[in-house]
Novice: 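Below are the structure tokens for one structure; questions will follow.
Values below: every heavy atom of this structure, side chains too, minus hydrogens, waters and symmetry copies.
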Amino acid sequence: MSQSGAFHLSTGFHGSTGLQGKQIDKDQLESTVEQYAKYHDLHGGDEEFRKSNYSDLVNKYYDLVTSFTEYHWGQSFHFAQRWRGETIRESIKRFEHFIALQLGLKKGMKVLDVGCGIGGPLREIARFSSTEITGLNNNAYQISRGKELISLAGLSDQCNFIKGDFMKMPLPDNTFDAAYAIEATMHAPDALGAYREIYRVLKPGQYFALDELCLTDKFDPNNSKHRDIKAEIELGTGLPAIRSTRECIQAMKDAGFEVIFAKDLAEDSDCPWYHEINPGHFSLKSISNSRVGHLLTRAIVGTLEFLHIAPKGCNRLFSILQTASHGLVTGSQEQIFTVSFFVLGRKPLKEGEI
């Protein structure tokens, strides 16, 4: 995190429209951060509590981090495998083109982006494929921001948003020619329920591309270090529970999809996806992500909060973001976790259909 990023986190929080349309303003930041943290194992919560309150959990998370994530990471809130010499943002754009190609997108097709964030992938894929894309999202602030960005991009005739829960989509059966979910259905309390809804709204014979953060076969639930890393990732990314790659594949099959292709794409990365955010890596370009940079950033955020320039809760929020970074990087290094497990599924044709 750069020093300008620390200042943005501390002073740029202007509130966002939450699930019930209420404003999370500066005075509410500290309590919202505390309420969010208490959902998680590291702060006294548990998996069943998160699952039963998944909508509030996820909305609080994105109300808190959306503005900062856009500032620091970009408008596409996901990771991607990387080739040597490629920037993080170049790898993200390439991955979005990969999704479009895997789905065989063509002009005139109607596509569903499940859990679309502020629409970074939606806009990129719409431009690349000339398709019409509907973004489904249950976070009011992200939809509001996404509509602004669509208008600025001149894509209002090609892209739109619908507010809704992907566990019960406000959409009719057999509506879309393709669907994708990029690090979105990982927030679902039940993968099977989410995949069944996608299956329902997809036309027969069409494809669904899934990209998830997942535990690998090397994760050992009896290993305390592994459990701690899992808890850090769940806290830092707003997850009820991280699923394994095997669980994702089985849930896709149980939902009715033919699984065409499934692979941990991070295994093929020419360089680690986390190279520039790894605190153990030091260069002038990535000094803000080094251990020294983290300490300096924490000092800046803490000082701004102490001086009442930043609202109370910023330092705690920074700690959560730092926890996310540590869990994601360490889990990847230990090979118990992947940021890019890809599955391509097809909804079968009914007998007699062509």
Novice: Who are the salt bridge (charged side-chain N to carboxylate O under 4.0 Å, His left out) partners of Asp217, not counting sequence neighbours?
Specialist: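 Expected list: Arg246.
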Novice: Given the rule in the side-chain hydrogen bond (donor to acceptor under 3.5 Å, both in side chains) test, do Glu34 and His43 qualify, once you have shown the distances and angles that lead to the verdict?
Specialist: CA-CA 9 Å; Glu34 289 300 318; His43 299 280; over 6 Å; no
Novice: List the residues meeting side chain to side chain donor-acceptor pair (under 3.5 Å) with His78, not counting sequence neighbours, and say none if there are none.
Specialist: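 Expected list: Glu96.
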Novice: For Lys347, does the NZ atom have more than 12 heavy-atom neighbours from other residues, nucleotides or ligands under 6.0 Å away?
Specialist: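 Check passes, neighbour count above 12.
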Novice: For Arg227 and Asp41, what are the C-alpha separation, side-chain angles and deciding distance, and is it a salt bridge (Lys or Arg N to Asp or Glu O under 4.0 Å)?
Specialist: CA-CA 10 Å; Arg227 291 197 305 270; Asp41 295 15; over 6 Å; no
Novice: Of Asp264, Ile99, Thr245, Leu210, which meets side chain to side chain contact (heavy atoms under 4.5 Å, CB included) against Phe342?
Specialist: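 Among Asp264, Ile99, Thr245, Leu210, the one meeting side chain to side chain contact (heavy atoms under 4.5 Å, CB included) with Phe342 is Ile99.
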Novice: Before you tell me yes or no, could you show the steps for Tyr54 and Asp165 under side-chain hydrogen bond (donor to acceptor under 3.5 Å, both in side chains), namely the whole-Å CA-CA distance, both residues' side-chain angles and the distance that decides it to 0.1 Å?
Specialist: CA-CA 11 Å; Tyr54 74 93; Asp165 186 340; 2.4 Å; yes
Novice: Please output the side-chain donor-acceptor pairs of residues 177-188 that fall under 3.5 Å, not counting sequence neighbours, one pair per line with the distance.
Specialist:
residue : atom : partner : partner atom : Å
Asp177  : OD1  : Lys203  : NZ           : 3.0
Asp177  : OD2  : Lys110  : N            : 2.8
Tyr180  : OH   : Asp113  : OD2          : 2.8
Glu183  : OE2  : Phe79   : N            : 2.9
Thr185  : OG1  : Glu212  : OE1          : 3.4
Thr185  : OG1  : Glu212  : OE2          : 3.3
His187  : ND1  : Gly238  : O            : 2.9
His187  : NE2  : Tyr62   : OH           : 2.8

Novice: Show the numbers, then the answer: is there a ring pair (Phe, Tyr, Trp, His ring centres under 6.0 Å) between Phe257 and Tyr199?
Specialist: CA-CA 7 Å; Phe257 286 103; Tyr199 183 94; 5.2 Å; yes
Novice: Classify the side-chain pair Ser340/Trp273 by whether it contains a donor and acceptor separated by less than 3.5 Å.
Specialist: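 Result is no, nothing qualifies.
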Novice: Side chain to side chain contact (heavy atoms under 4.5 Å, CB included) with His326: which of Thr330, Val329, Leu328, Thr323?
Specialist: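 Only one option passes, and that is Thr330.
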Novice: According to the salt bridge (charged side-chain N to carboxylate O under 4.0 Å, His left out) rule, which pairs have a member within residues 138-157, sequence neighbours left out?
Specialist: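 Listed by first then second residue: Glu70-Arg145, Arg145-Glu148.
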Novice: Check whether the side chains of Asn139 and Tyr61 place a donor and an acceptor atom closer than 3.5 Å, and report yes or no.
Specialist: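 Note: Asn139 and Tyr61 side chains miss the donor-acceptor criterion.
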Novice: Is there any side-chain hydrogen bond (donor to acceptor under 3.5 Å, both in side chains) pair reaching into residues 98-108, and which pairs are they, with sequence neighbours excluded?
Specialist: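 Sorted pair list comes back empty.
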Novice: Is a donor from one side chain sitting under 3.5 angstrom from an acceptor on the other, for Asp254 and Tyr195?
Specialist: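 The answer is no; no qualifying pair exists.
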Novice: Each residue besides Leu101 in its hydrophobic cluster should be listed here, by chain and number; the cluster joins Ile, Leu, Val, Met, Phe, Trp and Tyr at side-chain heavy-atom distances under 4.5 Å.
Specialist: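 So far as hydrophobic clustering goes, Leu101 is joined with Phe128.
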